[in-house]
Amino acid sequence: MVSPSSSLLLATLLSLQAARVAAQLPLPTQPFLPPSPDFGATPSTGSSLPNPHWSTLLGNGLFFYEAQRSGRLPSTNRVSWRNDSCINDGQDVNLDLSGGYYDAGNFIKATFPLSFSIMQICWGAIDHGNGRYDISNQTAYLDDMLRWGLGWLIKAHPSPNTLFVQVDSGDADNAYWGGDRGIPQNRPSYQINDTNPGTDAAALAAAAFASCSSLYSGRSFTSYSSPASLRNTSYASALLEHAQQLYSFAVNAKGGQMTYQTSVPVVKNSYPSSGYGDDLTIAALWLGLAQNDSTLISQAKGYYDQFQLDAQLKDSVFNWDSVLPGIPILATQIHQSYPQLGGNDWQSRAEAYFDRVVSGKGAGKLTKGGLLYYDQASELASLNPALNAAMLLRRYAAIATSTDKRDTYLQFAKNQIDYFLGKNPMSVPYVVGTNPNSPRNPHSAMASGGNDITNINTSPPVEAYTLYGAVVGGPDKRDKYYDLRDDWPQTEVAVDYNAPLLTLAAMHVMNDTTDPFYTSLKAGAYATKKPSGHPCDPVYSCTPSLSTGAKIAIAVVVTVVGLVIIGGIVFLVVRYRRGKRLASSAQDPKF
Ligand SMILES: *[C@@H]1O[C@H](CO)[C@@H](O)[C@H](O)[C@H]1NC(C)=O
Ligand SMILES: *[C@@H]1O[C@H](CO)[C@@H](O)[C@H](O)[C@H]1NC(C)=O
Ligand SMILES: *[C@@H]1O[C@H](CO)[C@@H](O)[C@H](O)[C@H]1NC(C)=O
Ligand SMILES: *[C@@H]1O[C@H](CO)[C@@H](O)[C@H](O)[C@H]1NC(C)=O
Ligand SMILES: *[C@@H]1O[C@H](CO)[C@@H](O)[C@H](O)[C@H]1NC(C)=O
Ligand SMILES: *[C@@H]1O[C@H](CO)[C@@H](O)[C@H](O)[C@H]1NC(C)=O
C-alpha cells in the first residue's frame with residue numbers, strides 16, 4: 001500500500017514525465033489558439049504568404065487532435081475544457097496503455113485508423129512540411145501531435161509480436177454519452193500476437209512508424225523537403241525499430257496471415273478490415289524508403305501482384321481500410337527521388353487511376369453540387385473519400401507526365417477543396433469553428449457537454465464547447481447537411497477525417513495567396529439554406545411521410561416484389577458490414 005503523500009508524489013512525477021515526452025521542439029511561449037469563427041468571415045487584405053486563413057486552418061486542424069487526447073494531459077495543454085482521462089488504460093494487462101487519441105465522437109482508442117492517420121500526416125509533412133508547417137509556426141505543434149500518437153503506439157507495441165489494437169469501455173460504451181470525467185473505467189485492452197495475429201493492423205502500424213521515421217530522419221521527395229527542425233536521428237531509429245519488428249510480425253507470425261478481426265472479433269463493431277494485401281504493400285514501400293533498401297521495394301511489388309491488387313485499384317478509395325490508391329503514388333515518389341531503390345513501374349498506374357477519377361468514368365461520381373461521391377464508401381462520411389482524393393491529386397500533380405494532366409488534377413482537387421470549404425449548396429465550410437456558417441453540432445460526446453443519451457440533439461440546446469478544427473462526416477448524397485448531433489454519418493468527427501485537412505492546408509499555406517472560399521460567405525448563409533425535414537442516411541429513414549393512397553400503392557408493390565427485395569437486402573447488408581464503420585445503435589456508431 002502506498003501512502004497518500006507518496007502516491008501524490010508519484011502522480012506529480014508522472015505528470016512531469018508526460019509533459020516532457022510530448023513535444024521535443026519547444027512550443028511557442030505564446031501558444032497558437034484558434035481565433036473566433038468571425039475571423040474566417042474577414043477576407044484578408046493582401047497577397048502575403050502565408051495567407052493568414054490557410055495558416056489558421058492548418059493550426060486549427062492540429063488543434064483538433066489536442067482536443068482528442070486521452071490520458072494525463074501535459075502542462076502545455078491548450079484545450080481549456082479537457083481533463084485527464086482514462087489514466088488507467090492497460091491495467092487489465094498490467095501495462096500502461098494510457099495516452100493516445102480518442103478515435104472519434106466517443107471514447108474508443110483504435111490502433112488501425114490511428115496508424116492510417118499518422119502515416120498520412122507524416123507523408124504530408126515529408127512532402128509539404130518544409131516551408132509550409134514552418135512558415136505557419138506550426139512545426140512544433142506537428143511534432144507534438146505526432147509524438148503524442150507515436151508515443152502511444154510505442155506503448156501499444158510492448159514486445160516484437162504483440163500489438164494492442166483497441167482499448168474501449170466495453171459494453172458500457174453503448175450506454176455512456178457524457179464528458180471526459182465520467183467515462184466508464186472498466187476498459188478492456190485487445191491485442192494481436194504471435195498465435196492470434198492481424199496482418200493488416202501490424203502492417204499498417206509498421207507503415208506509420210516507417211513513414212514517420214523517414215520524416216524524422218529527413219528523407220524528402222523531389223522538389224520538396226521535410227522540416228529540418230524535426231530531424232532527430234535517435235528518434236528516427238527508435239521508430240524504425242518498431243516498424244521493422246511490426247513488419248516482421250505481420251509477415252512471419254506463427255499463427256499465419258489473417259485480418260485482425262479474425263483474432264479480435266470485437267473490432268467488427270468498429271474498424272474491421274477488408275483485406276491485408278494493401279497494408280503489406282504500403283508497409284514494404286515505407287520501410288524500403290526508411291531503410292534505403294531496394295529489396296523491400298521489390299517485395300512491395302511482389303505483394304501487389306500476389307494479392308492481385310491491380311484489379312482492385314481502379315475503383316478503390318483511399319481510407320483507413322484501403323490504402324491501395326496511395327501505393328502507386330508513393331512508389332512513384334520514392335522512385336523519382338531515390339532511383340537506386342528501383343520501383344520504376346508505377347507511374348502509369350498512378351495516372352490511369354487518377355484519369356478515371358477526374359473523368360467521372362470510375363465508381364466516384366459528382367453530386368449535383370460537385371462533391372466526389374462513391375456509393376458505398378461515401379455513405380458514412382461523404383467528405384472523406386473526396387478529401388483524400390484531392391490530397392492525393394495535389395500531391396501527385398507536381399510529378400505528372402504532362403502539363404495537361406497536372407492542370408486537370410489540380411483543377412479537380414481545387415473544386416473538391418472549394419466544395420469542402422463552403423462553395424456548396426449549403427454554404428457550409430465543413431470545419432468546426434472556422435466560420436460563422438461552420439457546423440455547430442459535431443457528434444462528439446466531450447464537446448456536446450450533454451449526458452442525456454436519449455436527447456442528444458437538444459440536451460444541451462447549444463453545444464457546450466467549440467471543437468475547433470474538426471472535419472465532420474459531411475453532407476448526404478443530395479448535398480444536404482442537417483447539423484444534427486445524433487446523425488453521426490454527417491456530424492461525427494474522427495482522427496482519420498482530419499488527416500487530409502492537415503496536408504491540404506499545408507499545401508496551400510505556401511503557394512496560395514488567395515483566401516479559402518469561406519471568407520466570402522455571408523453570415524447566416526447556412527441558416528437560409530438549412531433543409532427542412534430530416535436527413536436521408538443510415539441513421540434516419542429516407543422515407544418521407546406519405547398519404548394513405550400512396551401507402552396502399554406501395555403496399556401492393558411491396559407484396560409483389562417483397563421476396564426479391566429481401567434477398568437483395570440480405571446481400572447488401574452482408575457487403576455493408578464488411579470493411580466499414582457500422583452502427584449497432586442509432587445514438588452511437590461504435591457500440
Ligand atoms: C510566426 O512567428 C513569428 C515570430 O514570432 C511572427 O512574426 C509571425 O507573424 C508568425 N507567423 C504566423 C503565420 O503566425
Ligand atoms: C472537465 O472538467 C470540468 C470541471 O469539472 C468540466 O466542467 C468539463 O465539462 C470537463 N470536460 C469534459 C470534456 O468533460
Ligand atoms: C493473444 O491474443 C489473443 C487474441 O486477442 C488473446 O486471446 C490471447 O490471450 C493472447 N495471448 C496472450 C499470451 O496474451
Ligand atoms: C530526439 O528525440 C529523443 C527521443 O524522443 C529525445 O530524447 C531527444 O531529446 C531528441 N533530441 C533533440 C535534439 O531534440
Ligand atoms: C542508399 O543506398 C545506396 C546504394 O545502396 C547508397 O549509394 C546511398 O548512399 C544510400 N543512401 C542513404 C541516404 O543511405
Ligand atoms: C508551390 O511552391 C513551390 C515553391 O515555391 C514550387 O516549387 C511549386 O511548384 C509550387 N506548386 C504549385 C502547385 O504551384
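Just follow the structure's listing: the first ligand is 1, and inside any ligand the first atom is 1. Quick note: residue numbers are just sequence positions, from 1.
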[atom]: nearest protein contact (heavy atom, Å):
{"atom": "atom 9 (O) of ligand 4", "answer": "Q24 OE1, 3.2 Å"}
{"atom": "atom 14 (O) of ligand 5", "answer": "N292 ND2, 3.1 Å"}
{"atom": "atom 5 (O) of ligand 4", "answer": "R147 NH1, 2.7 Å"}
{"atom": "atom 12 (C) of ligand 2", "answer": "D180 OD1, 3.1 Å"}
{"atom": "atom 4 (C) of ligand 5", "answer": "Q340 CG, 4.4 Å"}
{"atom": "atom 11 (N) of ligand 4", "answer": "N232 ND2, 2.9 Å"}
{"atom": "atom 13 (C) of ligand 5", "answer": "R219 NH1, 4.1 Å"}

* To do: Heavy-atom contacts with Y235 under 4.0 Å: which atoms of ligand 4 show up? List them by number with element.
  =>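 That gives atoms 2 (O), 4 (C), 5 (O) of ligand 4.
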* **Min N/O separation Y465 to ligand 2 under 3.5 Å** =>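 N/O-N/O distance under 3.5 Å: yes.
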[X]/[Y] ion pair, N-O < 4.0 Å:
{"X": "K109", "Y": "D89", "answer": "yes"}
{"X": "E463", "Y": "R485", "answer": "yes"}
{"X": "D127", "Y": "R219", "answer": "no"}

* Which of these passes ring-ring contact (aromatic ring centres under 6.0 Å, His included) with H242: F249, Y235, Y247, F209? ->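 Running ring-ring contact (aromatic ring centres under 6.0 Å, His included) over F249, Y235, Y247, F209 with H242 returns exactly one hit, F209.
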* Can you list the ligand 2 atoms lying under 4.0 Å from a non-hydrogen atom of G179? ->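 In order of number, 14 (O).
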* Side-chain touch L230/L215, heavy atoms, less than 4.5 angstrom ->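 A side-chain contact exists here, since the closest heavy-atom pair is under 4.5 Å.
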* Within a strict 4.5 Å, meaning less than it, do heavy atoms of the Q336 and Q347 side chains meet? ->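 Q336 reaches Q347 side chain to side chain.
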* To do: For this output row, return yes or no: ring centroids of F63 and Y141 closer than 6.0 angstrom.
  =>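 Between F63 and Y141, the centre distance exceeds or equals 6.0 Å.
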* **Distance flag, aromatic centroids of Y271 and F112, threshold under 6.0 Å** =>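 Between F112 and Y271, the centre distance exceeds or equals 6.0 Å.
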* Can you find a protein heavy atom under 4.0 Å from atom 2 (O) of ligand 5? ->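 So far as the 4.0 Å threshold goes, atom 2 (O) of ligand 5 is in reach of a protein heavy atom.
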* Asked: So which of N451, N83, D84 gets nearest to atom 10 (C) of ligand 2, if we judge by its closest heavy atom?
  ->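 Shortest heavy-atom distance from atom 10 (C) of ligand 2: N83.
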